[in-house]
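Quick note: numbers below take in every heavy atom, side chains included, and nothing from hydrogens, waters or symmetry partners. All values derive from a computational prediction rather than experimental measurement. Numbers here are sequence positions counted from 1.
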Amino acid sequence: MIIGVDHIAIAVSDLHQAIARFTQDLGLALEGQEDVVSAQTSTAFLSSITTRFELVHPLADQGPIQKFLDQHKGKGGLHHICFLSDNLIQDIEILKKKSYVFIQDTPSDGAHGTKVVWLHPKSCDGVLIELAQKP
């Protein structure tokens with residue numbers, strides 16, 4: 001079952017500049033940084049009192065985030081919303097029965113040791129949705 005929003009992800013062309021903007025200018029707390037090789041991203045997690053944000057940047061100028069930046073002429077923007085699941089396999093089965101389209105058939109490794117799966121934007125009113133289950 002989906003139990004809440006885990007984070008809102010923003011694609012950025014310059015990770016260090018974006019971290020400075022969100023921490024120094026907007027006052028969010030930097031929780032940490034992590035390269036997620038399986039997703040070809042370098043990430044930074046930030047938080048406010050009620051919400052977590054993920055800044056995502058392409059590793060080695062490759063992968064889906066680089067494609068997103070290329071499509072948006074180098075400008076970043078809202079990339080996806082991640083919902084937290086307490087039973088990812090069960091949620092996948094339920095959503096497949098309701099004809100949701102997934103980008104991949106099985107969960108993959110995400111940041112912080114999570115397992116993640118992606119719902120195609122066609123299934124969610126144009127928004128890329130990530131479902132994640134914590135270890």
Side-chain angles (χ1 to χ4, degrees):
M1 180 166 95
I2 304 302
I3 55 177
V5 174
D6 185 69
H7 64 268
I8 298 168
I10 302 166
V12 298
S13 58
D14 185 322
L15 185 60
H16 298 294
Q17 184 180 49
I19 290 170
R21 180 181 321 103
F22 280 88
T23 58
Q24 296 168 14
D25 300 345
L26 299 177
L28 299 179
L30 177 64
E31 293 180 353
Q33 293 180 250
E34 179 180 350
D35 288 344
V36 184
V37 176
S38 64
Q40 296 178 298
T41 62
S42 183
T43 65
F45 278 89
L46 303 117
S47 63
S48 68
I49 293 172
T50 60
T51 308
R52 293 179 67 224
F53 298 90
E54 177 186 33
L55 303 178
V56 289
H57 181 267
L59 272 178
D61 299 326
Q62 297 179 26
I65 299 300
Q66 184 62 54
K67 182 178 176 183
F68 179 93
L69 291 172
D70 291 345
Q71 290 172 340
H72 293 86
K73 299 180 181 176
K75 303 285 184 189
L78 177 64
H79 186 261
H80 68 270
I81 299 172
C82 178
F83 291 98
L84 192 58
S85 168
D86 63 358
N87 189 329
L88 190 57
I89 299 302
Q90 181 180 15
D91 286 336
I92 292 169
E93 290 173 10
I94 289 168
L95 293 172
K96 280 186 177 181
K97 287 178 184 174
K98 294 182 178 198
S99 300
Y100 280 76
V101 176
F102 287 80
I103 292 177
Q104 82 267 23
D105 291 326
T106 58
S108 59
D109 294 331
H112 312 297
T114 60
K115 289 295 184 186
V116 301
V117 68
W118 299 86
L119 293 169
H120 197 283
K122 289 189 278 188
S123 294
C124 299
D125 300 308
V127 178
L128 179 62
I129 300 293
E130 177 184 22
L131 301 179
Q133 184 173 355
K134 294 183 178 183

Margin query: Other residues, nucleotides and ligands only: do more than 12 of their heavy atoms fall within 6.0 Å of NE2 on His120?
Written below: yes
(request) Would you check if Asp6 and Phe83 make a side-chain contact, meaning some heavy-atom pair closer than 4.5 Å? (result) no
In terms of heavy-atom contacts, Ser13 and His57 come closest through O-NE2, 3.1 Å
More than 12 heavy atoms of other residues, nucleotides or ligands under 6.0 Å from OH of Tyr100: yes or no? no
Discussion item. Between His79 and Glu54, do the side chains contain a donor N or O and an acceptor N or O under 3.5 Å apart?
Written reply: no
Smallest heavy-atom separation, Gln133 atom then Leu88 atom, equals OE1-N, 2.8 Å
Nearest heavy-atom approach of Leu69 to Gly76 is CD2-CA, 3.8 Å
Parallel, tilted or perpendicular: rings of Phe45 and His112 (30°, 60°):
tilted
Across all chains, not counting sequence neighbours, the side chain to side chain donor-acceptor pair (under 3.5 Å) partners of Thr114 are none
Contact check, side chains of Leu30 and Leu46, non-hydrogen atoms, under 4.5 Å: yes
Result for side-chain contact (heavy atoms from CB on, under 4.5 Å) between Ser42 and one of Val56, Val36, Asp35 points to Asp35
Within a reach of under 6.0 Å around CG of Asp25, are more than 12 heavy atoms found that belong to other residues, nucleotides or ligands?
yes
Considering only distance and modelled atom types, tabulate donor-acceptor pairs under 3.5 Å from the side chains of residues 60-67, sequence neighbours left out.
{"from": "Gln66", "atom 1": "NE2", "to": "Asp70", "atom 2": "OD1", "distance (Å)": "2.8"}

| query | Does one side chain, of Ser38 or Asp109, offer a donor that lies under 3.5 Å from an acceptor on the other? | reply | no
Going by chain and number, the hydrophobic cluster around Leu128 (ILVMFWY, side chain to side chain under 4.5 Å) further includes Ile103, Val116, Trp118
Only one of Thr43, Leu15, Leu55 passes side-chain contact (heavy atoms from CB on, under 4.5 Å) with Gln33, and that residue is Leu15
